[in-house]
Amino acid sequence: MTKVYFIRHAEPDFTNHNDLLRPLSPKGMQDRKIVTDYLSDKNIDVVLSSPFKRAVMTMEDFAGKYGFNIETIDDFHERIVGGEWIDNFHDFSKNQWTDFDYKLEGGECLHEVQARNIAALKEVLRKYEGKNIAIGTHGTALSTIINYYDKSFGYEDFEKIKDVMPWIVAFEFDGEKCVSIKNLKKPELWDAYNSDYKKLEGITLIRDDETNFPEGAYHLVCEVLVRHVDGTYLLMKRSPNKNWPGMWEATAGGSALKGETDVEGALRELREETGVIAEKLEFLSKDLGKYCWHVRFLCITDCDKNSVQLQEGETCDYKWLPASEILAMSDKELLGWEMRKHIV
């Protein structure tokens, strides 16, 4: 099998309108370390890139740290728009995805972008068969590659990733046949802990890559039970697009990010999912799961009960209930049975 990791560049400096020479922004320079962390355990054999500066700069941190030379391949460059800078990029992109032959004078249509990128990729697959390859690329160029192998990828998908920088997509090939595409979006990085709840230095874990975690390494999942000073508890309803859609949870929470303690992760997740801002939390319990430590906290708040905020894509409703009503809910209504133990 040949593994190809396409890395869409980090945030560029949009004040520079020269497509070839546009560098990364200060944020992009920082965010390229996400790419380095992600690729660090992928046993990369070769690093390639579009010749455009922002793509090369995105790969430089990893290449420099691990002693790779970056080979630039011209046909991996981004779509040529035309002779002028476009302010209404939204309409232009939609026109191109609606009609793969649409282009401006001096520019490329998506059929042309796709053809040269796929030709370059097939040459790379022949040259480096059986290797692990990292390639610095661009949003539209990469999207046309995905579309070549998966025709369902279209404009709506492109819209979802247009601001995701860096964006990593992992491909597996058997010869020239694509056998899998894994859209990693912007990798979420986690610290690793052992079974004694001790942080493992020098190990970074990546969301959606749990099956590849080193043996004995776990990430942190922080959960917060919110109790109002009047004795009621906050329940959040899961959005229709999530697992267990429409069910209620007596918790706000998620994974602690790299560099966060369990308390810091819990406070951030509480703020993002509910809008409740707390200065401190009470520890409740922790236990070890298959891939993670579950760490539970209690937040006691006197917030305005009508001020709870919903997180787009995560929650769609909320309510405050007394303990008796929550404990009477069935397992078809309420997730988070472990948290029930702390509802009194």
Side-chain angles (χ1 to χ4, degrees), residues 10-11 26-41 61-62 65 164-168 184-214 216-227 234 236 238 242 249-301 303 308-315 335-336 338-339 342:
E11 182 185 85
K27 182 179 186 301
M29 291 294 287
Q30 180 67 29
D31 284 352
R32 67 182 184 169
K33 294 178 182 178
I34 295 173
V35 175
T36 300
D37 284 339
Y38 173 78
L39 294 176
S40 62
D41 63 351
D61 188 71
F62 171 76
K65 184 174 182 179
V164 180
M165 296 176 278
W167 174 40
I168 302 176
L184 300 174
K185 298 189 177 181
K186 186 173 182 177
E188 184 173 294
L189 306 182
W190 300 326
D191 286 318
Y193 288 76
N194 65 16
S195 58
D196 294 323
Y197 205 63
K198 302 294 184 182
K199 185 176 176 180
L200 299 174
E201 299 298 337
I203 298 179
T204 298
L205 305 178
I206 300 169
R207 182 175 184 172
D208 297 329
D209 201 29
E210 286 85 348
T211 56
N212 293 318
F213 282 4
Y218 307 89
H219 72 285
L220 299 184
V221 173
C222 310
E223 302 171 3
V224 184
L225 178 67
V226 181
R227 187 174 75 210
L234 176 63
M236 305 298 294
R238 295 173 67 86
K242 290 183 67 65
E249 290 182 289
T251 179
S255 297
L257 302 177
K258 183 177 176 64
E260 287 184 332
T261 66
D262 49 13
V263 173
E264 290 169 340
L267 289 171
R268 175 184 51 77
E269 289 286 345
L270 175 65
R271 182 179 65 254
E272 290 177 353
E273 290 195 6
T274 69
V276 175
I277 299 174
E279 295 183 358
K280 64 179 182 178
L281 302 171
E282 295 182 19
F283 173 78
L284 292 175
S285 65
K286 67 175 184 287
D287 59 69
L288 185 60
K290 185 176 182 180
Y291 297 115
C292 63
W293 274 101
H294 293 271
V295 191
R296 301 178 184 89
F297 298 93
L298 172 66
C299 168
I300 302 175
T301 180
C303 71
V308 174
Q309 300 173 12
L310 302 177
Q311 185 178 17
E312 185 177 357
E314 296 289 333
T315 55
L335 283 176
E338 285 297 322
M339 196 62 89
H342 305 289

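In this text the structure is predicted, and so the values were computed from the model without any measurement.
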**Q** Taking the side chain as every heavy atom from C-beta outward, state whether Met236 and Leu310 have any pair of such atoms under 4.5 Å apart.
**A**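 When only atoms from C-beta onward are counted, Leu310 and Met236 do touch, with a gap below 4.5 Å.
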**Q** Taking the side chain as every heavy atom from C-beta outward, state whether Pro214 and Leu205 have any atom pair closer than 4.5 Å.
**A** yes
**Q** Could you check Leu298 against His342 for side-chain contact (heavy atoms from CB on, under 4.5 Å), going step by step and ending with a plain yes or no?
**A** CA-CA 9 Å; Leu298 172 66; His342 305 289; over 6 Å; no
**Q** With the side chain counted from C-beta on, respond yes when Phe283 and Val295 share a heavy-atom pair under 4.5 Å apart, and no when they do not.
**A** yes
**Q** Taking all non-hydrogen atoms of both residues into account, name the closest pair between Cys299 and Ala278 and its distance.
**A**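 Here Cys299 and Ala278 meet closest at SG-CB, 3.8 Å.
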**Q** Would you name the heavy atoms of Asn194 and Trp293 that are closest together and state the gap between them?
**A**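 That would be O-NE1, 2.9 Å.
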**Q** Taking atom types as modelled, find out whether Tyr197 and Asp262 have a side-chain donor-acceptor pair closer than 3.5 angstrom.
**A**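 Yes - a donor-acceptor pair under 3.5 Å links their side chains.
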**Q** Could you check whether any side-chain heavy atom of Glu260 comes within less than 4.5 Å of a side-chain heavy atom of Arg268, counting everything from C-beta outward?
**A** yes
**Q** Are Met339 and Leu284 close enough, and set up right, to give a side-chain contact (heavy atoms from CB on, under 4.5 Å), and what steps lead you there?
**A** CA-CA 9 Å; Met339 196 62 89; Leu284 292 175; 4.1 Å; yes
**Q** Taking only Lys NZ, Arg NE, NH1 and NH2, and the carboxylate oxygens of Asp or Glu, determine whether Lys199 and Asp191 approach each other closer than 4.0 Å.
**A** yes
**Q** Determine whether Ser255 and Glu188 satisfy the following criterion, side-chain contact (heavy atoms from CB on, under 4.5 Å), listing intermediate values before the conclusion.
**A** CA-CA 9 Å; Ser255 297; Glu188 184 173 294; 4.0 Å; yes
**Q** Could you tell me the separation between the CG atom of Leu281 and the CG atom of Leu267, rounded to the nearest 0.5 Å?
**A**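 Between Leu281 CG and Leu267 CG, I get 4.5 Å after rounding to 0.5 Å.
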**Q** Crowded around Lys258 NZ? As in, over 12 foreign heavy atoms under 6.0 Å?
**A** yes
**Q** Is Asp196 reaching over with its side chain to a backbone N or O of Lys198, donor-acceptor style, under 3.5 angstrom?
**A**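 Not a single qualifying donor-acceptor pair exists.
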**Q** Could you state the interatomic distance from OG1 (Thr251) to CD (Glu269), rounded to the nearest 0.5 Å?
**A**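 Thr251 OG1 to Glu269 CD: 9.5 Å, rounded to 0.5 Å.
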**Q** Are a donor atom and an acceptor atom from the side chains of Asp37 and Thr204 found within less than 3.5 Å of each other?
**A**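 Note: Asp37 and Thr204 side chains miss the donor-acceptor criterion.
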**Q** Rounded at 0.5 Å granularity, tell me how far CD in Glu223 sits from OG in Ser285.
**A**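 Result: 8.0 Å between the selected atoms.
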**Q** For Leu234, which of Thr301, Val226, Leu270 qualifies under side-chain contact (heavy atoms from CB on, under 4.5 Å)?
**A** Val226
**Q** Within the structure provided, determine whether Ile300 and Glu282 are in side-chain contact (heavy-atom separation under 4.5 Å).
**A** yes
**Q** Say you draw a straight line from CD of Gln311 to CZ of Arg271; how long is it, rounded to the nearest 0.5 Å?
**A**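 Result: 10.5 Å between the selected atoms.
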**Q** Start with the C-alpha distance between Arg296 and Glu338, add both sets of side-chain angles, then the distance that settles side-chain contact (heavy atoms from CB on, under 4.5 Å), and finish with yes or no.
**A** CA-CA 9 Å; Arg296 301 178 184 89; Glu338 285 297 322; 3.5 Å; yes
**Q** Show the nearest heavy-atom pair for residues Phe297 and Ala266, with the distance to one decimal.
**A**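 The answer is CD1-CB, 3.8 Å.
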**Q** Distance from Glu249 atom CD to Arg238 atom CZ, nearest 0.5 Å?
**A**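 CZ of Arg238 is found 4.5 Å from CD of Glu249.
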**Q** What's the spacing between Leu189 CG and Leu257 CG if we round to 0.5 Å?
**A**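 Spacing of CG (Leu189) from CG (Leu257) equals 8.5 Å.
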**Q** Please report the closest heavy-atom contact between Met165 and Glu11, naming both atoms and the distance.
**A**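 Scanning both residues, the minimum pair turns out to be CB-N, 3.8 Å.
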**Q** Anything under 30° is parallel, anything over 60° is perpendicular, the rest tilted; go ahead and classify His219 against Trp190.
**A**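 The arrangement is parallel - the two ring planes meet at less than 30°.
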